[in-house]
Amino acid sequence: TIMKRFIVLVFAFVFLLSFVGCENTENKGNDISQTPTNTITPTDTTNPIMEQPIDSNPIDTIKEIKSITDNTNDMDLPDVEEPFFEDERYIYIFGNPISQHVIVEYIDGNTENIGEALENGHIQITDLDKYSINYFAEPKLIENIIYHSDRGGEPDALEGFYSDETYVYSFPSIRSSVVIVYYKDGTEQTVKDALAEGKIKISDLDWFGIQYCKDRIE
């Protein structure tokens, strides 16, 4: 009958619709290439380049020096010492306040005063020696250096106790075993051993008034 045929067609149509709906749902669940809306993929969360720390204080390198010049000439300077630099072992001092007038010129044409050049790491303190700039080095770790003249005989002969690339250093008598370096940490040793181990410099003997002779190496 017409009614039975109509019912059968309706059931068939509903069946087909349900089949298509299941197929579409399954495809959506298995499609790994799709990304849900309103989410962020891992590559969107950070920028690896921006996460790297920025070096705001790069290490300065030694620059090639053209000259280091004391431009004070005949300036009327106050008789006041000027500390102009320090490291772990020494405070470096000018006999007068001249650091603003001691100028370092580099091969690249740039210039800066001696304090800036040292603080920026562009030169080393030994460069002042090369250009005959006079200064004092006050020891920070040494309490005293004492010649104990009462601790033994002193044969009248030169005693070599140290040498560098330029000079041989000698005492005017045999005394290296009784010239003692006293450190602020309470330890002590002979001046000869302290120099050999690099714990002090020859200039430390000048600071503490220890007399010696030096002869240039031929």
Side-chain angles (χ1 to χ4, degrees), residues 60 62-107 109-149 161-173 175-176 178-192 194-195 198-217:
D60 293 300
I62 298 296
K63 299 181 69 172
E64 191 172 359
I65 300 169
K66 181 178 180 180
S67 64
I68 302 178
T69 307
D70 179 356
N71 294 316
T72 55
N73 297 322
D74 296 326
M75 288 184 182
D76 186 15
L77 298 169
D79 189 18
V80 177
E81 294 182 348
E82 180 194 21
F84 63 94
F85 184 65
E86 67 177 272
D87 55 28
E88 293 181 355
R89 297 174 61 187
Y90 295 94
I91 298 172
Y92 301 95
I93 304 167
F94 286 134
N96 302 96
I98 65 171
S99 63
Q100 295 296 317
H101 308 287
V102 179
I103 304 301
V104 183
E105 182 179 2
Y106 303 105
I107 295 296
N110 292 321
T111 63
E112 55 189 346
N113 67 51
I114 196 72
E116 294 169 340
L118 288 163
E119 289 293 340
N120 292 332
H122 293 160
I123 70 170
Q124 297 176 316
I125 195 71
T126 52
D127 291 322
L128 278 71
D129 302 324
K130 297 175 186 176
Y131 290 90
S132 300
I133 304 298
N134 296 322
Y135 63 93
F136 306 101
E138 179 180 352
K140 296 169 71 173
L141 306 180
I142 303 170
E143 183 68 37
N144 208 345
I145 302 177
I146 299 176
Y147 165 38
H148 294 280
S149 59
F161 64 92
Y162 184 67
S163 65
D164 54 27
E165 296 178 354
T166 309
Y167 296 100
V168 173
Y169 301 90
S170 305
F171 286 131
S173 62
R175 64 177 69 171
S176 63
V178 293
V179 178
I180 307 300
V181 181
Y182 296 90
Y183 299 104
K184 291 185 177 180
D185 64 1
T187 60
E188 62 183 70
Q189 63 182 154
T190 65
V191 69
K192 187 173 183 179
L195 286 164
K199 292 184 178 179
I200 69 170
K201 300 190 296 186
I202 281 291
S203 60
D204 293 327
L205 277 68
D206 301 325
W207 184 267
F208 291 101
I210 303 298
Q211 296 181 346
Y212 61 89
C213 310
K214 66 179 182 180
D215 295 300
R216 183 178 292 274
I217 297 173

Check your understanding: Does the pair Asp185 and Thr187 meet the rule for a side-chain hydrogen bond (donor to acceptor under 3.5 Å, both in side chains), with working shown?
Key -> CA-CA 6 Å; Asp185 64 1; Thr187 60; 2.7 Å; yes
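- In this structure, Thr166 and Arg216 have side chains that are in contact, with non-hydrogen atoms separated by less than 4.5 Å.
- Taking the salt bridge (Lys or Arg N to Asp or Glu O under 4.0 Å) definition, one finds that Glu105 meets it with Lys66, sequence neighbours left out.
- In terms of heavy atoms, Ile91 sits closest to Pro83 at CG2-CB, 4.1 Å.
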Review point. Hey, mind stepping through Ile114 and Ile103 against side-chain contact (heavy atoms from CB on, under 4.5 Å) and telling me if it holds?
Key: CA-CA 6 Å; Ile114 196 72; Ile103 304 301; over 6 Å; no
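- The side-chain heavy atoms of Glu138 and Tyr90, taken from C-beta on, include no pair separated by under 4.5 Å.
- Proximity of Val191 to Tyr162: side-chain heavy atoms (C-beta onward) are nowhere separated by under 4.5 Å.
- Put simply, the side chain of Ile142 reaches to within 4.5 Å of the side chain of Ile200, judged on heavy atoms.
- Of all the heavy atoms in Ile125 and Leu118, the pair that sits closest is N-CD2, 3.8 Å.
- Note that CD1 of Ile133 and OH of Tyr135 are 10.5 Å apart. Values are rounded to the nearest 0.5 Å.
- Of all heavy-atom pairs spanning Tyr92 and Glu86, the tightest one is CD1-CA, 4.1 Å.
- Between the OH atom of Tyr212 and the OG atom of Ser170 there is a distance of 11.5 Å, given to the nearest 0.5 Å.
- Tyr167 places none of its side-chain heavy atoms less than 4.5 Å from the side chain of Ile217.
- Partners of Phe84 by ring pair (Phe, Tyr, Trp, His ring centres under 6.0 Å), not counting sequence neighbours, listed by chain and number: Phe94.
- Once rounded to the nearest 0.5 Å, the distance linking CG of Leu205 with OG of Ser203 reads 8.5 Å.
- In this model, a donor atom of one side chain and an acceptor atom of the other lie less than 3.5 Å apart for Thr72 and Asp70.
- Smallest separation of non-hydrogen atoms from Pro78 and Pro97: O-CD, 3.4 Å.
- A 4.5 Å side-chain heavy-atom check between His148 and Ile180 finds at least one atom pair inside the cut-off.
- Contact of the Lys214 side chain with the Val168 side chain is not registered, since no non-hydrogen atoms from C-beta on lie closer than 4.5 Å.
- Under 4.0 Å is where a charged nitrogen must lie from a carboxylate oxygen, and between Asp204 and Lys201 no such pair does.
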Practice item. Start with the C-alpha gap between Val102 and Thr69, add the side-chain angles, then the distance that decides, and say whether side-chain contact (heavy atoms from CB on, under 4.5 Å) holds. Key: CA-CA 5 Å; Val102 179; Thr69 307; over 6 Å; no
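- A 6.0 Å sphere centred on CZ of Phe136 holds no more than 12 heavy atoms belonging to other residues, nucleotides or ligands.
- A donor-acceptor pair under 3.5 Å links the side-chain atoms of Asp87 to the main chain of Arg89, judged by distance alone.
- Note on ring orientation: taking the six-membered ring where Trp is involved, the planes of His122 and Tyr106 are perpendicular (angle over 60°, cut-offs 30° and 60°).
- Residues Phe208 and Pro139 have side chains in contact (heavy-atom distance under 4.5 Å, counting atoms from C-beta outward).
- Not one N or O on the side chain of Glu112 forms a donor-acceptor pair closer than 3.5 Å with the backbone of Val104.
- Side chain of Glu119 to main chain of Glu116: no donor-acceptor pair is present (N/O by atom type, distance under 3.5 Å, no hydrogens or angles).
- Across all their heavy atoms, Ala194 and Tyr183 have their closest contact at CB-OH, 3.4 Å.
- Here the CD1-OG distance, from Ile107 to Ser67, works out to 8.5 Å after rounding to the nearest 0.5 Å.
- Side-chain contact annotation: Gln211 with Tyr147, donor-acceptor N/O pair under 3.5 Å absent.
- In this structure, CD in Gln100 is found 4.5 Å from CG in Asn113, a value given to the nearest 0.5 Å.
- Between the side chain of Asn96 and the backbone N or O of Ile98 there is no donor-acceptor pair closer than 3.5 Å.
- The two residues Ser163 and Tyr169 have their closest heavy-atom pair at CA-CD1, 4.1 Å.
- Asn144 places no side-chain N or O within 3.5 Å of a backbone atom of Ile146 that could act as its donor or acceptor partner.
- Between Lys184 atom NZ and Leu141 atom CG the span is 7.5 Å, to the nearest 0.5 Å.
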